[in-house]
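Positions are given from 1, in the same order as the sequence printed here. Remember, it's 1-based here, ligands and their atoms both numbered in the order they're listed.
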Amino acid sequence: MTIKEIFDSMDYGLAPESAADAFAWLVDQGSRFGLFIDGTFTQPGKGFESRNPATGEVLAELTQATQKDVEAAVKAARAAQPGWAEIGGTGRAMFLYAIARLLQKHSRLFAVLETLDNGKPIRESRDIDIPLVQRHFYHHAGHAQLMDTEMAGREALGVCGQIIPWNFPLLMLAWKVAPALAMGNTVVLKPAEYTSLTALLFADICRQAGLPKGVVNIVTGDGAVGEMIVNAKVDKIAFTGSTDVGRKIRQATAGSGKALTLELGGKSPYIVFDDADLDSAIEGLVDAIWFNQGQVCCAGSRLLVQESVSERFHTKLRARMKTLRLGDPLDKCVDVGAIIDPVQHAQITKMVASARNCTVHQSPVALPTQGCFYPPTLIEGLSPADPLMQEEIFGPVLVSTTFRTPAEAVELANNTRYGLAATLWTENVNLALDIAPKLAAGVVWVNGTNMFDAAAPFGGVRESGFGREGGVEGLMAYTRASEKPEPLAPVPAFESNDAPVAPGGLDRTAKMFVGGKQARPDGGYSKPVYGPDGNLLGHVGIGNRKDVRNAVEAAHAAKGWSKTTGHLRAQILYYLAENLAARADEFAMRIDAMTGKGTGAAEVEASLQRLFSAAAWADKYDGLAHGVPIRGVALGMKEPVGTIGILCADEAPLLGLISAVAPALAMGNRVVLAASQAFPLAATDLYQVLETSDLPAGVVNILTGSHKELGETLVKHLNLDAVWSFSSTDLSKMIEEASAGNLKRTWVNNGQAFDWSRDQSKRFLQAATEVKTVWIPYGE
Ligand code: NAI
């Protein structure tokens, strides 16, 4: 080839990375692996092969863990946990730091092994995956160091079961293991069956770092082993993978008291406005959808381009697709590597073959004769409702459509059941910062894409799961409050003393409060409320499914509340407190009449304090500007969860209600409440306070009746974003199981009492908000 020909074609020569060290390591291990339990590798057992997807060759034999193996791993983790917690944050920091150093020392071996096992280009494993893994351990060594001073009142959960996917094998391990260990937990981790090798190399690193036995345990195997971990005696499950499996895990752990975080799929929009730097947006798009062959949960897989530049953008895109280099992932010049497995390849092929009424364009690349490769693909002209626009393809396949106005862009972007990430490109800072908060996503990238860092929380909303990894939010998910709650006994309503009720008099049936108005129960049924002496105090309506639906619709319609300022919400909460204070005696008497405990006055006083605290927090529970290692910032913006259904505490009819509702309102949520089932009249007396407090209609809706029946309908309602239960009827299992439908956030008591006497506003503020990480690089 002449120099002129080389310049004309701009073809790259091969630049293969040597795999010799990685193969030598595999051979050294006998190319057969057992499990890593209690600090040692077990003898290899019956199992399965791990293959290189770029060639099909067998790399190693792995062991399928048995029930006994999983139990042994959990037992080892359990035994190690107290000691690991007791060495303190500074002690743990030293180990995490040592692991980070060793990861750095062996970074090339890890990168090559990852590429061999997963098929991702070496450029990515070398420059993105492995450096991010090291960063995660360094960053969390710091969090361990600071835990004792900065996380006062929090402690480790115990043993964490962690189940990870195959798309970022070592990185997902790091995201799970580093924060868990930093906070004093021990772990049993299962890598994905396709990609276990770097996890096994990591086990070796733990040994070299002198990590105490049993702190990290790694069991290999397929979904059946995952199920065993989910059902084992662990304190938390952290899962990353498909939404279907996430739902199953939600159901399997329901009512068990196990903490759960789910990082699931997505169909993330990639929005290009007409004033964007189009060439940069094209390069961003290459990273968004062809990074890791599109097998990325937050891949920018749905392109939305403003109509005025759409043709120009698509022309540039098709031209760029011609220059993408696909091939041997170990070649340093390769952009697109191999698909993880023939099963996944078949799934992508099937989905693309189903495309109708659209144009399918594929990169004109020569596919290697062996291995599992799929060409970069663009599908144009699909309608927004087309399954290919809605379903995750999890391959190098981009679907695209156009929009006219920013409002339409937001509507299209949010037209999905997912909410993991979103990217937007514009040179207009006003537009970018106007759109970012409107996108239903846990992460928003402005003029860039697929940026990650240990300091910046990552995770989704809607059916993309819940919980965050990275940042302080990520740590919170591996800790719990140190104080031990008491069991919560059911609080029964008092029975009638059968004394004759004086005829005549006023009808004292309290209605419900829906959409700012008092409403009769749809079913037309009510029930009596008796005091401790059995005397009739009044009647309340029995809410049914229709009442719940009306209340949820009213809350949903009161969207404007979520857009108000914290300052305004604070004013309204203060006003509410003033109006309640004016009737303090009346409420105190009512509570005493219902409960007979004589604590009414104290309950009202504490309720006023909760309202004042929530008002105080309304404009102070701030987000953060994370110090991420880019030229730019990552903003951690706190957003309201949306609509929350709350089953109020039975035992503290006013204080329980106000303690939960006030912080929820302060953060901009709308609520549907089921009043204390045993003592509902304090809630129904509140209507007049609410009506005179400038609270917009629909922001607070109050129902009365059975917690079980109201709760069942609430948790199944798709327009509700979260359900909290403080009911003394333990509905935890039912609520968590049914929440799997749209993966709504839940906070249930698992039969444990909440200490309403203490101001614990921060716990409620946390539960009432989602963190959105908005990445804004800057500079030329
Ligand atoms: P998957 O969700 O089945 O696998 C992820 C992990 O969960 C693996 O370690 C697997 O062994 C384990 N697992 C499977 N069934 C389980 C169960 N019942 N209980 C506990 N653990 C279980 O994902 P898969 O089958 O590998 O890929 C299928 C689809 O999932 C992909 O096409 C993609 O759409 C999505 N996916 C999403 C990922 C993400 O990062 N959000 C990662 C991998 C896959």
- Note on the structure: Heavy-atom contacts under 4.0 Å to ligand 1, chain-then-number order, include exactly I163, I164, P165, W166, N167, K190, P191, A192, E193, D222, G223, G226, E227, F239, T240, G241, S242, V245, I249, L264, G265, C297, Q344, E392, F394

- Query: Is the F452 ring parallel, tilted or perpendicular to the W445 ring (thresholds 30°, 60°)?
  - Reply: perpendicular

- Message: Let's go through T746 and S739 carefully: what are the C-alpha distance in whole Å and the side-chain angles of both, what is the deciding distance for side chain to side chain donor-acceptor pair (under 3.5 Å) to 0.1 Å, and is it a yes or a no?
- Response: CA-CA 7 Å; T746 55; S739 72; 4.7 Å; no

- Task: Please answer whether the main-chain N or O of L388 pairs with a side-chain N or O of K267 as donor and acceptor at a distance below 3.5 Å.
- Result: yes

- Message: I'd like to know if the side chain of D117 pairs up with that of S50 as donor and acceptor (distance under 3.5 Å, no hydrogens or angles considered).
- Response: yes

- Item | Check ion pair K438-E639 (N to O, under 4.0 angstrom) | no

- Query: Cut-off 3.5 Å, side chains only: do D69 and T66 have a donor facing an acceptor?
  - Reply: yes

